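Report on one structure; see the data block that follows.
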Amino acid sequence: MSIIKQLEQLGIKAQTDIKQADSGDVLEKLRVGLLGKKGALTSILRGLKELSVEEKREVGGLANRLKGTIEESIATKREALSGGSGGSTIDYTLPGKPHAHGHRHLVTLVMDEFISIFQRMGFEIADGPEIETDHYNFGALNFPDDHPARDEHDTFYVDGGLLLRTHTSNVQIREFEKRTPPVKIIAPGRVFRNESVNARSFCVFHQVEGFLVDENVTFGDLKGALEAFCYEYFEEGVNLRFRPSFFPFTEPSAEVDVQCFLCSGKGCTLCKYEGWLEILGCGMIDPEVFRSVGYDSEKYTGYAFGVGIERMALLKYRINDIRLLYENDARFIRQFR
Ligand code: PHE
């Protein structure tokens, strides 16, 4: 075959190969194979020495043009492969990747639900600091200095004589100081207790504090409000039990239990064979609290309660370990939207 013919065929084959190259690597191999020192073009041109001067000139010119065309084709193809303007490597027919949507955490959902129920019942919303003084967390709430109830709260103390609030009851005092009765408020928020972490308790949790002060407020009003709230929240009949208790800032005080939903009160591991699960503390506001904020305790009475959000979330959604709420395992969290 004549050299000219060989060059022509090399040109045709080179174009097909370049077109089919599907990566930069393949293209580079092609380039070396065609134009490199040991490449196809060089080896064809080895036959040049047998030709006459005239023929050499003709073949040489042809070979140069061929080399140029091949180089150009390779450059164009390289650009296309790298996604440049020369061509697109995006496959528009691939199915799209859906965006992962975030959503509110179960604790927030329950908190929001509480807020919405109490708002419908006519409560205003208030907020208070998480880093608090002893006065607002304990003193003004009638905790005597050496009272064991302080120890029960397992307080985290921070620098400057401050502490992390152990309950949302601090907001009672802060709001009473700002207002005159009637007062009807809930205060949702985060609280901290230096307790050992287990299935039932965590060192950080949330509460909703509620308090109402007016003339002629009775324990019956408190019971009515809490029952209404529980019926709304659990969306089904629940049995509540008011059990006498003690808090320094309420008198009388009670703790409220719901009948265990797992065993219907018969007794099981969840309720520790009690048949009941504690959900909140409450009572009639102690006149000592009114005295510390300058309210006339002869004229006004009031009730207060504090509900644990996590505990209520566990009950409604049948979750058996509070720690699941704080491990941020998406497989768990995603179940509650
Ligand atoms: N603050 C109390 C607690 O955290 C709950 C409570 C609030 C009790 C209001 C009575 C009145 O345990």
Side-chain angles (χ1 to χ4, degrees), residues 111 114 118 121 123 125-130 132-144 147-156 163-176 183-195 200-214 217-227 229-230 240-258 277-290 292-293 295 297 300-312 322:
M111 181 96 100
F114 277 29
F118 282 118
M121 290 166 68
F123 286 82
I125 318 279
D127 201 10
E130 292 176 351
E132 192 50 289
T133 61
D134 181 276
H135 174 74
Y136 286 106
N137 196 81
F138 291 125
L141 287 161
N142 196 33
F143 284 80
H147 197 279
R150 282 179 189 240
D151 300 336
E152 275 167 33
H153 276 225
D154 303 303
T155 314
F156 283 112
L163 49 83
L164 301 185
R165 69 174 171 189
T166 58
H167 53 181
T168 42
S169 301
N170 65 328
V171 188
Q172 285 189 38
I173 306 300
R174 290 187 171 272
E175 289 304 312
F176 291 153
V183 175
K184 190 174 180 183
I185 289 176
I186 57 158
R190 197 157 53 150
V191 302
F192 308 84
R193 290 191 198 174
N194 194 358
E195 283 173 353
R200 286 162 158 256
S201 64
F202 201 72
C203 48
V204 182
F205 58 100
H206 297 76
Q207 289 185 329
V208 168
E209 190 85 4
F211 42 97
L212 181 150
V213 180
D214 203 347
V217 178
T218 67
F219 200 91
D221 295 323
L222 171 61
K223 281 187 81 171
L226 291 176
E227 270 169 12
F229 163 71
C230 285
L240 294 186
R241 173 173 87 168
F242 286 72
R243 197 163 28 81
S245 184
F246 173 80
F247 299 102
F249 41 97
T250 48
E251 182 59 35
S253 304
E255 278 171 300
V256 176
D257 303 332
V258 285
L277 296 153
E278 185 199 321
I279 54 169
L280 62 89
C282 64
M284 300 305 289
I285 297 172
D286 195 296
E288 276 304 307
V289 173
F290 285 157
S292 75
V293 296
Y295 281 9
S297 63
Y300 297 113
T301 50
Y303 64 67
F305 55 85
V307 199
I309 306 272
E310 282 79 355
R311 172 57 69 87
M312 292 289 268
I322 192 172

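This one's a predicted model, so the numbers in the text were calculated from it and none came from an experiment. Both ligands and their constituent atoms are indexed starting at 1 by order of listing. One-based numbering along the sequence shown. All values below were derived from every heavy atom in this structure, side-chain atoms included, with hydrogens, water molecules and symmetry-related copies excluded.
- At least one heavy atom of Phe249 sits less than 4.0 Å from an atom of ligand 1.
- Counting heavy atoms of neighbouring residues, nucleotides and ligands inside a 6.0 Å radius, atom CG of Asn194 exceeds 12 of them.
- Atoms of ligand 1 lying under 4.0 Å from any heavy atom of Phe305, numbered from 1 in the order shown and given with element: 7 (C), 9 (C), 11 (C).
- Ranking the protein heavy atoms by distance from atom 6 (C) of ligand 1 puts Gly281 O, 3.6 Å first.
- For atom 3 (C) of ligand 1, the nearest non-hydrogen atom of the protein is Arg193 NH2, 3.6 Å.
- Here is the list of ligand 1 atoms found below 4.0 Å of a heavy atom in Thr250: 10 (C), 11 (C).
- Looking at atom 7 (C) of ligand 1, its nearest protein heavy atom turns out to be Gly306 N, 3.3 Å.
- Each of the following atoms of ligand 1 lies closer than 4.0 Å to a heavy atom of Ala304: 9 (C), 11 (C).
- Aromatic pair Phe305/Phe229: centroids not less than 6.0 angstrom apart.
- Distance CG/Leu222 to CZ/Phe242: 6.0 Å, rounded to 0.5 Å.
- Using a 3.5 Å distance cut-off with no hydrogens or angles, the side chains of Asn137 and Thr166 do pair a donor with an acceptor.
- Using modelled atom types, no side-chain atom of Thr168 and backbone atom of Gly189 make a donor-acceptor pair closer than 3.5 Å.
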